Amino acid sequence: MRADGYRSRGEPSGLRGLATLVATVTQIWATAASPCKGWTLNRRSPPSRWVSLLRTAPDHSRNFQNICRSVKIMAESAGNDAGKKLIRIDISSDTVCPWCCIGKKNLDKAISTAKNQFDFEIKWHPFFLNPSAPKEGVNKKEYYRKKFGSRSESMEARMQELFRGIGLEYNMSGLTGNTMDSHRLIYYAGTQGLEKQHKLVEELFIGYFTQGRYIGDREFLVEAAAKAEVDGAAEFLDNPNNGLQEVNEELEQYSSNISGVPYYVINGKHRLSGGQPPEAFLQAFEVIAGRE
């Protein structure tokens, strides 16, 4: 469990992780019996006993120091997370959707508020606002002017106001266009961990909406992946077929029956759409927790 409330992929939660913890510590005890001599712990010992003893574990060697330090963190996390409910959130989104960016920032704020009550798993899924958008990109201002006419200026002003509300400066410079490569990369990031995927989405939003970066630019995509600590992004993007089938499969599974984004499905049951405020997410978390 990470400090920001997101669970790393495959990370055990609460008491469910204690079996793994106990097995790990038991192995350590077997290979380092001398420093641990006289300690009485077994698989039936309560979590508090593990946490208490591991917090005061003697550090007799460098290896044992490192082992005990890691296990202390595991034990304390297991003890602290005991009883937390898991909130899984599937998000359908497009990387050129400003409301998706707003919704993400508000969701992050809600998660930060509720991280001591719940564990969270966030997964992003593709949606295409304009499936036929050109890969080479077009001027963003001109595109919106053609699409929305005289309303485009008032819409831009409104977005600037909303983005300031989440601590960002909305920037309409640069190009807009096809988002397939960004969705392929988001899928790929998810194979390395959902926390990396979530961070990548953040970097893509920041670059596109506040820095005038083009969402279809390979250099920008690789830079965003590096900031999110996603390995092998350049090589993955080099083959245009990588991730293509998976993106289309997710599009069919999660986004085929919706007409707009962002769209959130919480624990497979509770649904929200649009750039919801943090309070709406917090209320949804409580409703879900009360039903399960």
Side-chain angles (χ1 to χ4, degrees), residues 89-110 124-186 198 200-221 223-224 247-248 250-252 254-265 271-281 283-284:
I89 307 178
D90 289 284
I91 308 173
S92 293
S93 165
D94 199 359
T95 46
V96 294
C97 164
W99 287 107
C100 295
C101 179
I102 293 170
K104 181 193 177 296
K105 300 299 284 188
N106 287 338
L107 174 62
D108 287 344
K109 187 174 181 180
W124 292 82
H125 306 287
F127 185 90
F128 294 97
L129 288 171
N130 183 7
S132 60
K135 186 172 177 59
E136 62 272 17
V138 296
N139 182 276
K140 195 185 297 185
K141 277 183 173 289
E142 291 181 6
Y143 172 78
Y144 283 108
R145 192 175 294 117
K146 289 180 180 179
K147 184 174 182 178
F148 298 108
S150 59
R151 292 186 298 151
S152 63
E153 291 186 4
S154 61
M155 290 172 65
E156 181 179 351
R158 174 59 173 157
M159 279 298 147
Q160 289 174 340
E161 178 185 355
L162 290 170
F163 269 66
R164 290 191 188 103
I166 57 174
L168 299 175
E169 287 295 325
Y170 186 68
N171 185 337
M172 276 286 286
S173 65
L175 305 177
T176 188
N178 194 281
T179 58
M180 173 58 83
D181 284 349
S182 67
H183 287 301
R184 290 198 299 125
L185 186 59
I186 290 170
H198 195 73
L200 174 63
V201 171
E202 172 82 3
E203 294 298 337
L204 294 175
F205 281 154
I206 294 298
Y208 178 76
F209 289 112
T210 73
Q211 299 169 0
R213 305 297 298 271
Y214 173 42
I215 201 65
D217 178 51
R218 181 183 180 280
E219 181 180 350
F220 167 51
L221 295 175
E223 286 178 10
V247 167
N248 287 325
E250 288 199 7
L251 190 66
E252 176 65 26
Y254 293 96
S255 304
S256 60
N257 294 320
I258 63 176
S259 58
V261 287
Y263 191 81
Y264 313 88
V265 180
R271 288 165 170 77
L272 292 173
S273 61
Q276 297 288 339
E279 294 77 16
F281 291 113
Q283 184 178 11

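Everything quoted here is computed from the prediction, not taken from an experiment.
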- [ ] Take the angle between the ring planes of F205 and F209 and call it parallel below 30°, perpendicular above 60°, tilted in between.
- [x] tilted

Task: Distance in Å, K147 NZ paired with M155 CE, rounded so as to fall on 0.5 Å steps - done: 8.0 Å

Open item on the list: Would you compute the distance between atom NZ of K104 and atom SG of C97 and round it to the nearest 0.5 angstrom?
Closed with: 13.5 Å

- [ ] Would you mind listing every salt bridge (charged side-chain N to carboxylate O under 4.0 Å, His left out) that reaches into residues 126-136, with sequence neighbours excluded?
- [x] K135-D181

Open item on the list: Working note: M159 + I102, criterion side-chain contact (heavy atoms from CB on, under 4.5 Å); need CA distance, chi angles, decisive distance, verdict.
Closed with: CA-CA 10 Å; M159 279 298 147; I102 293 170; 4.2 Å; yes

Task: Residue E202 excluded, over 12 heavy atoms near CD under 6.0 Å - done: yes

Open item on the list: Angle between ring planes, F128 versus H183, binned at 30° and 60°: parallel, tilted or perpendicular?
Closed with: perpendicular

TODO: Look at the aromatic rings of H125 and Y254 and report parallel, tilted or perpendicular, splitting at 30° and 60°.
DONE: parallel

Open item on the list: Under the rule for ring pair (Phe, Tyr, Trp, His ring centres under 6.0 Å), what residues qualify as partners of F281, not counting sequence neighbours?
Closed with: Y264

- [ ] Any chance you could measure C101, atom SG, to I206, atom CD1, to the nearest 0.5 Å?
- [x] 5.5 Å

Open item on the list: Tell me whether E161 is salt-bridged to R158, with the criterion being a basic N under 4.0 Å from an acidic carboxylate O.
Closed with: yes

- [ ] Output the distance between atom CD1 (I215) and atom CG (L204), rounded to the nearest 0.5 Å.
- [x] 4.5 Å

Task: Candidate list T176, D217, T95, T179, test side chain to side chain donor-acceptor pair (under 3.5 Å), partner Y208, passing option - done: T176

Task: Ion pair check, E153 and R145, cut-off under 4.0 Å - done: no

Task: Distance in Å, L221 CG paired with I186 CD1, rounded so as to fall on 0.5 Å steps - done: 9.0 Å

